[in-house]
Amino acid sequence: MEKFVFGAGEDDRKRLLNFVDTLQQFLEKVIDNGEYFQPKFREDYKKAWMELNPNFSALKDALQRAETHTLLAQGLLGTQLNLKLAVVNHFLGEFLLYGIEIIGGHKLLEKLLRVVSKLLANMATAVSTGLAIQSFIDFLVSMIKDDS
C-alpha cells in the first residue's frame, strides 16, 4: 500500500483538511482491497462507501468555516491536534509497515480506525457534520476479519 500521512500542512486548519482528504484516500484503498473485511458484507460496504463520498466535502467545508474557538474547544488546534495526529500517524505507520501479513495485523487496522473515529467525533461535535463518516468507520471496525 502506498505511503499516507494524516494531517500534513503548515497550519492547523490545513492539517485538518489534509486529514479529511487523506482519510478518504486511505479508506478508498482499504475498501477496494477487500481483504481486510468479512467478505459477506463486501457489496454492502462498497455501495455504502459510494454514497458516503459527498460527506467528505461537506466536512471540509464545515471545518473551513468553523470558528477558531469552536475548534479549540474540541481539541482540534495546537498541541491537542498535534497529539491526536501523532497517535493516528503512529498506528498508520504500524499498519503500513506490517499490514495484515503478520498474525494480529488486522488488529493494527482496528486500532487505526478506532483512533480515526475518535478524531472524527471531535470534528463532528465541532462542526455538526461528519457523523456519517464516523459511523461508517465504526461499522468497518466491526467487519474486520479476525486473523487470530
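Values in this document were obtained by computation on a predicted structure and should not be read as measured data.
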statement: side chain to side chain contact (heavy atoms under 4.5 Å, CB included) test vs Phe91 passes for just one of Val116, Leu112, Leu109, Leu113, namely Leu112
message: Are Phe95 and Tyr36, when compared by the centres of their aromatic rings, separated by less than 6.0 Å?
response: yes
field: Donor-acceptor contact present, side-chain Thr125 to main-chain Ala121, <3.5 Å
entry: yes
- prompt: Is it true that a side-chain atom of Ser135 and a backbone atom of Leu131 form a donor plus acceptor pair closer than 3.5 Å?
  reply: no
task: Would you check if Arg13 and Leu71 make a side-chain contact, meaning some heavy-atom pair closer than 4.5 Å?
output: yes
task: Apply side-chain contact (heavy atoms from CB on, under 4.5 Å) to the pair Leu23 and Leu119, showing each step before the final yes or no.
output: CA-CA 11 Å; Leu23 177 60; Leu119 183 49; over 6 Å; no
statement: Between Phe26 and Leu92 the two heavy atoms that sit nearest each other are CE1-CD1, 3.8 Å
- request: Report the C-alpha separation of Val115 and His90 in whole Å, then their side-chain angles, then the decisive distance to 0.1 Å, and conclude whether the side-chain contact (heavy atoms from CB on, under 4.5 Å) test is met.
  value: CA-CA 10 Å; Val115 74; His90 167 76; over 6 Å; no
task: From the options Leu81, Val127, Leu59, select the one residue that forms a side chain to side chain contact (heavy atoms under 4.5 Å, CB included) with Leu16.
output: Leu81
field: Close side-chain approach of Leu76 to Asp12, heavy-atom, < 4.5 Å
entry: no
Residues Leu17, Val20; criterion side-chain contact (heavy atoms from CB on, under 4.5 Å); working and verdict: CA-CA 5 Å; Leu17 299 176; Val20 175; 5.8 Å; no
statement: Looking only at heavy atoms, the pair that brings Leu96 and Lys3 closest together is CD1-CA, 4.3 Å
field: Donor-acceptor under 3.5 Å (Arg42 side chain, Gly34 main chain)
entry: yes
query: Between the side chain of Arg15 and the main-chain N/O of Asn82, is any donor-acceptor distance below 3.5 Å?
result: no
query: Are Asp138 and Gln134 close enough that some pair of their side-chain heavy atoms sits under 4.5 Å apart?
result: yes
query: Would one find more than 12 heavy atoms of other residues, nucleotides or ligands at under 6.0 Å from atom NZ of Lys46?
result: yes
statement: Heavy atoms of Ser142 and Gln38 approach each other most closely as O-NE2, 3.9 Å
- request: Starting from the C-alpha separation in whole Å, work towards a yes-or-no answer on salt bridge (Lys or Arg N to Asp or Glu O under 4.0 Å) for Lys29 and Asp32.
  value: CA-CA 5 Å; Lys29 294 284 185 193; Asp32 282 348; over 6 Å; no
field: Nearest heavy-atom neighbours spanning Gln24 and Asn53
entry: NE2-OD1, 2.8 Å
field: Exercise: identify the closest heavy-atom pair between Gly7 and Leu85
entry: CA-CD1, 3.8 Å
field: Trp49/Phe139 aromatic ring centres below 6.0 Å
entry: no
task: Report whether Val87 and Val5 are members of the same hydrophobic cluster (ILVMFWY, side-chain heavy atoms less than 4.5 Å apart, transitive linking).
output: no
- line: Between Gly130 and Ala124 the two heavy atoms that sit nearest each other are C-CB, 4.2 Å
field: Side-chain donor or acceptor of Asn55 paired with backbone N/O of Leu52 under 3.5 Å
entry: yes
query: Considering only heavy atoms from C-beta outward, does the side chain of Phe41 approach that of Leu140 to under 4.5 Å?
result: no
message: Using a strict threshold of under 4.0 Å (side-chain N to carboxylate O), is an ion pair present between Glu51 and Lys47?
response: no
- request: Please step through side-chain contact (heavy atoms from CB on, under 4.5 Å) for the pair Leu27 and Ile137, ending with a clear verdict.
  value: CA-CA 9 Å; Leu27 289 175; Ile137 289 172; 4.0 Å; yes
